[in-house]
4 protein chains.
Amino acid sequence: MDTPQRRGRRGPALQTPVTAAIASAAFDELAENGWQGLSMDAVARRAGVGKAALYRRWPSKDAMLMDLIGEAVARNLPDLPDSGDLRRDVRAFLDLTVAQVADPRMPRIGLDLLAEYVRNPAFSEELRRTVAQPRREAAATILNRAVERGELPAGIDISLAVDLMISPLVLRLVISGEPVDEAVLDRMTSMIIAGAAATTAP
Amino acid sequence: MDTPQRRGRRGPALQTPVTAAIASAAFDELAENGWQGLSMDAVARRAGVGKAALYRRWPSKDAMLMDLIGEAVARNLPDLPDSGDLRRDVRAFLDLTVAQVADPRMPRIGLDLLAEYVRNPAFSEELRRTVAQPRREAAATILNRAVERGELPAGIDISLAVDLMISPLVLRLVISGEPVDEAVLDRMTSMIIAGAAATTAP
Amino acid sequence: MDTPQRRGRRGPALQTPVTAAIASAAFDELAENGWQGLSMDAVARRAGVGKAALYRRWPSKDAMLMDLIGEAVARNLPDLPDSGDLRRDVRAFLDLTVAQVADPRMPRIGLDLLAEYVRNPAFSEELRRTVAQPRREAAATILNRAVERGELPAGIDISLAVDLMISPLVLRLVISGEPVDEAVLDRMTSMIIAGAAATTAP
Amino acid sequence: MDTPQRRGRRGPALQTPVTAAIASAAFDELAENGWQGLSMDAVARRAGVGKAALYRRWPSKDAMLMDLIGEAVARNLPDLPDSGDLRRDVRAFLDLTVAQVADPRMPRIGLDLLAEYVRNPAFSEELRRTVAQPRREAAATILNRAVERGELPAGIDISLAVDLMISPLVLRLVISGEPVDEAVLDRMTSMIIAGAAATTAP
DNA sequence: TTCTAATCGAGACGGTACGTCCCGTCTTGCC
DNA sequence: GGCAAGACGGGACGTACCGTCTCGATTAGAA
C-alpha cells in the first residue's frame with residue numbers, strides 16, 4: 001500500500017506530489033531566470049501542472065516564491081552547542097553561516113532573495129521573522145553567555161554586536177563575493193570579539 | 001584627387017535637455033512606484049518625450065535605470081579631510097555615510113538599487129566600480145593614516161577592516177532599517193576602532 | 001501497459017461571444033476609420049476585450065480583417081430563380097448585384113476589400129473562391145440556360161460573357177462610383193445580351 | 001528708406017539628380033514591398049538621401065507615391081490613329097491597353113496602384129484625371145467616330161459603351177489575372193461592338 | 001569676391017500602432 | 001471536487017514608422 005505517510009510536517013507546502021512538483025519547478029526556474037524572470041506559466045508548464053494549481057495554493061507569484069524560499073531557508077536553522085569559550089562559539093557561528101551560504105543552490109537564488117527582500121516589504125517582514133531573527137538570536141545567545149562568563153564586559157550593546165557578527169561576513173559572501181578562507185575567518189573572529197567588547201557606552 | 005565629398009554633418013547627437021527631462025521623470029516615477037512599478041510609457045509621458053527617445057539612449061528599462069541611478073549615486077563621492085585622529089576620521093566617515101543614505105530620495109530608491117545590484121552582474125560590476133570602490137578607498141585611506149600615526153598596529157587586514165567600517169552601518173540603514181542615533185554611532189565608532197586593531201594575523 | 005493517463009480536457013475553445021464582439025467592433029471601426037485607420041487597440045477596447053483575444057484568433061490585423069470581411073461578404077450568396085427568359089434573368093442578376101453592393105456598410109468597406117484583394121495574394125485566392133466564383137457560376141448558369149433555350153448561339157465564350165455580366169457594373173459601382181439608375185440598367189441589360197451573343201469565334 | 005537689401009541668391013532649386021534617385025528608389029521599394037510596406041526611411045536610405053529631401057518635395061508619403069506613379073502612368077498616353085474602321089479601332093485600343101499593362105513593372109505596382117486608388121479619395125481624383133479620363137476620352141472618340149460613320153446607331157450610351165471597352169479587359173488583366181491571347185481579344189472585340197450598338201434607349 | 005540663403009545627408013524628435021509576453025482570474029471538460 | 005489546459009481582460013514591453021526639426025557642411029546666385 002501507499003499510505004501517504006505524513007512524516008512530521010516540514011510546513012504547509014510539499015504535502016502533495018503536485019505541490020512538490022511545483023516547488024521543484026519553481027526552484028529550477030528561479031535558478032535559471034531569477035525572481036523577475038520567473039513566469040508562472042513557465043513554472044506550471046515545467047511542473048506539468050495547470051496554472052490554477054498554483055493559484056489555488058498561493059495568491060500571487062511573489063507569495064509563492066516567498067513561501068517556497070522562506071520555507072527552504074528556514075529549514076536549516078543554526079544549532080550551535082555551547083562550547084564554553086567565546087572564540088570557539090563565534091568561529092562556529094561564522095563557519096555555520098559560511099556553510100549555509102555555500103549551499104550549491106544559494107549563490108544564484110540567495111542574491112535574488114536579498115533583492116526581493118529589499119524590494120518587497122511584506123516579504124521583508126516574513127523573512128526577517130523566519131530567517132534573520134533566529135540567526136540574530138543565536139548570535140545574541142553566544143554573546144550573552146560570554147557576558148555571563150565574564151569574557152565580555154557587562155554593558156555591551158548586544159544588538160550592535162550581533163550586527164558585527166553577521167554583517168561583515170554577509171557583505172563578503174553575498175555582495176562583494178570575495179573568497180573567505182580560514183585565515184580570514186580567524187582574523188574576523190578576533191575582530192568580532194574585540195569589537196563586541198568595545199560596544200559599551202563611552 | 002576626386003574623392004566624392006560627403007555632404008552634410010556626420011549625424012546629430014542626443015539632446016542634453018531631453019536626457020535631463022527623462023532622468024528627472026524617471027527618478028520621480030521611481031520614487032512613486034519603484035523599479036518594477038515604473039513603466040517606460042509613464043516616464044516618456046511625464047518627460048513629455050516619445051518612447052523612442054528612451055530606447056535611443058538605453059536598450060531596455062533596466063539598463064536605463066541602472067545608468068541613471070548609478071550615475072546619480074556615483075556623483076556624491078565622499079570627501080573626507082584628515083583630522084589627524086582616527087576616532088574623528090571614523091566618525092566622520094560614518095556620519096557621511098548616514099548623510100548620503102539619509103538623502104530624501106534614498107530610502108525608496110536605494111533599496112531598489114541594491115536589489116538590482118545583486119540581480120544583475122553587469123550592473124554589479126559598474127556599481128562596484130563607481131560607488132563601492134571610491135568609498136572603500138576612502139575608508140582604507142583613513143585606516144592607513146592611522147597605521148602610519150601608530151594609532152593602529154602595522155599588521156592589520158585593511159580589507160577586512162574596511163568591511164567593518166561599512167557593513168554594520170549599511171546593514172542597519174539599508175536592510176534592517178533600525179534607527180541610527182548619535183549614541184549608536186558613538187558605540188559603533190568604538191567598535192570599529194577596536195575591531196580594526198584586532199584584524200592582525202594571529 | 002501503464003500509459004500515464006492525461007488528466008483534464010485537451011484545451012478550451014475560443015469563446016463564440018468574444019469572437020462576435022470582436023467582429024462587430026471591427027466592422028464599426030472599419031466603417032468609421034477604414035482599413036488603415038483601424039487600430040487593434042481600438043477594436044479590442046470597443047469590444048471590451050484584451051488585445052490578446054484578437055491575436056489568439058488571427059496572426060495580424062490584416063489577417064483578421066480579411067477573415068471577417070471575407071466571411072461577411074461570402075454569406076450573401078446570390079439565389080436566382082430561372083425566369084425562363086434571358087433578359088429577365090440578366091436584369092435580375094444585375095439588380096441583385098446592385099442590391100448587394102448597395103448595402104449601407106458596403107461603400108466604405110467594399111473599396112477597402114478590393115484594395116486588400118489586389119494587395120494580398122493569399123486573401124486574393126480566398127476571396128476568389130468564396131465571393132467571385134459563386135457569382136460567376138450564377139452568371140454562367142443564366143447564360144447556359146439561354147443557350148439551351150436557343151436565346152443565345154451555341155458557340156459563345158461563356159467565360160468572356162460572364163466577364164461582361166459582371167465587370168461594367170462593378171466598374172461603375174465600386175470604382176467610378178457613377179450612379180446606376182433603372183435606365184442605365186436597362187441599357188446595360190441590352191448591351192450584355194447583344195455582347196454575349198457576339199462572343200463566338202469569328 | 002533703408003530697405004534691407006536681400007543679399008545672396010533667393011535659394012537654389014531642388015536638385016534634379018536627387019529627385020531622380022528618390023524616384024528610382026521609391027519604385028524599387030514599391031515593387032518589393034508594396035504601397036503600405038514602403039517606408040520613407042527605406043526610400044531615403046536606398047536613395048542615399050536625407051529624409052528631409054523627400055519632405056522638401058512632397059508633403060507626405062502618399063503624396064509622393066501619387067505624384068511619382070501618377071506621372072509615370074500618365075506618360076504613356078494612348079495615341080490612336082483613326083483607322084476608319086470601328087473593329088480595327090477597338091482592337092487597337094485593346095492592344096494598347098494590353099501593351100501598357102504588360103509593362104514589366106506593372107504587375108506588382110499596378111495592383112497596388114488600384115488598391116490605393118480605391119483607398120484614397122484624393123489620389124482617386126488625381127488618378128481619374130490623369131489616367132482614366134484620357135483613356136476614356138480615347139475610347140469615346142473611337143465610338144463617336146463610328147457613330148458619325150454610321151457603324152454604330154446614333155442613340156447609343158457613349159459612357160456605358162466606354163465602360164464596355166475598358167472594364168472586361170481590365171477585369172482580366174488586373175483582377176482575375178486570366179491570360180489574354182489573340183483569340184480572346186478577337187471575341188472581345190466582337191462583343192464590344194455588338195454590345196455598344198445595343199446601348200440605345202429601349 | 002564675398003556674402004548669404006537654401007540645399008544637402010544624417011538622424012533625433014514626439015507620437016502612435018504594432019505584435020509579444022506575462023499576470024491573476026475564469027471556464028470547460030476529464031478523471 | 002481536483003485537475004490540465006488554456007482563454008480571458010488588462011497592461012507593459014520593445015520595435016517600426018510617420019512627419020517635423022536641428023545640425024554642420026556645401027553650393028551657387030547676388031552684390
Side-chain angles (χ1 to χ4, degrees), chain A residues 16 18 36-42 44-45 47-56 58-62, chain B residues 5-15 17-19 36-42 44-45 47-62, chain C residues 5-15 17-18 36-42 44-45 47-62, chain D residues 5-15 18 36-42 44-45 47-56 58-63:
Chain A
T16 68
V18 169
Q36 302 301 324
L38 175 148
S39 93
M40 294 301 259
D41 294 74
R45 209 177 313 119
V49 139
K51 252 200 305 181
L54 276 59
Y55 285 99
R56 221 175 281 123
W58 300 280
S60 73
K61 163 180 161 176
D62 282 3
Chain B
Q5 283 286 95
R6 292 210 355 151
R7 299 276 295 277
R9 72 161 162 169
R10 230 48 59 185
L14 298 174
Q15 296 185 11
V18 171
T19 304
Q36 301 302 321
L38 175 148
S39 96
M40 295 299 260
D41 293 78
R45 210 176 313 120
V49 144
K51 236 194 328 175
L54 276 59
Y55 286 100
R56 223 173 274 124
R57 290 169 168 75
W58 305 277
S60 71
K61 165 181 159 175
D62 282 3
Chain C
Q5 281 289 94
R6 292 203 1 145
R7 302 275 297 275
R9 71 159 163 170
R10 229 46 59 185
L14 299 174
Q15 296 186 11
V18 171
Q36 302 302 322
L38 175 148
S39 97
M40 294 301 259
D41 292 76
R45 209 176 314 119
V49 143
K51 238 196 324 178
L54 277 58
Y55 285 100
R56 222 173 276 124
R57 289 169 169 76
W58 303 278
S60 72
K61 164 179 159 176
D62 282 4
Chain D
Q5 279 289 95
R6 299 216 342 158
R7 299 272 301 275
R9 71 162 169 169
R10 223 51 57 185
L14 299 173
Q15 296 184 11
V18 171
Q36 302 301 323
L38 174 148
S39 92
M40 295 300 260
D41 295 73
R45 209 175 315 120
V49 141
K51 249 198 312 179
L54 277 59
Y55 286 99
R56 223 173 275 124
W58 302 279
S60 72
K61 163 180 162 175
D62 282 2

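Order of the sequence lines sets the chain letters (A, B, ...), proteins ahead of strands, with each chain counted from 1. The basis for the numbers below is simple: all heavy atoms, side chains too, and nothing from hydrogens, waters or symmetry mates.
- Nucleotide dT16(E) holds its P atom 17 Å from the CG atom of Leu38(C), rounded to whole Å.
- Applying the 4.0 Å criterion to OP1 and OP2 of dG11(E), one finds that Arg56(B) has every side-chain N and O outside that range.
- The side chain of Tyr55(D) contributes no N or O atom lying less than 4.0 Å from OP1 or OP2 of dT20(F).
- Taking each heavy atom of Gln36(A) and Lys61(A) in turn, the nearest pair found is O-NZ, 3.3 Å.
- Minimum heavy-atom separation, Val49(B) to Ala53(B): CG1-CB, 3.4 Å.
- Contacts of Arg57(B) with the nucleic acid, taken as non-hydrogen atoms under 4.0 Å apart, involve only primed sugar atoms and P, OP1 or OP2.
- Contact between the side-chain N/O atoms of Ser39(C) and the OP1/OP2 oxygens of dT16(E) is not found at any separation under 4.0 Å.
- Nucleic acid contact class of Lys61(A) (heavy atoms, under 4.0 Å, all strands): sugar-phosphate only.
- Whole-Å rounding puts the Gln36(A) CD to dA12(F) P distance at 16 Å.
- Summarising the geometry, the separation between CZ on Arg45(B) and P on dC13(F) is reported as 10 Å, rounded to the nearest angstrom.
- Closest contact between the side chain of Lys51(D) and the listed nucleotides dG19(F), dG14(E), dT20(E) involves dG19(F).
- For the atom pair CG of Asp41(D) and OG of Ser39(D), the computed distance is 5.0 Å after rounding to the nearest 0.5 Å.
- Between the CG atom of Asp41(A) and the P atom of dG6(F) there is a distance of 11 Å, given to the nearest Å.
- Nearest-nucleotide positions on DNA chain E place Ala52(D) closer to the 5' end than the other of Met40(C) and Ala52(D).
- In plain terms, the two heavy atoms of Lys51(A) and Met40(A) that are nearest each other are CG-O, 4.2 Å.
- The 5' end of DNA chain F is approached more closely, in terms of each residue's nearest nucleotide, by Gly50(A) than by the other of Ser60(B) and Gly50(A).
- Remark: C1' of dA10(E) and CG of Leu54(D) are 13 Å apart, rounded to the nearest angstrom.
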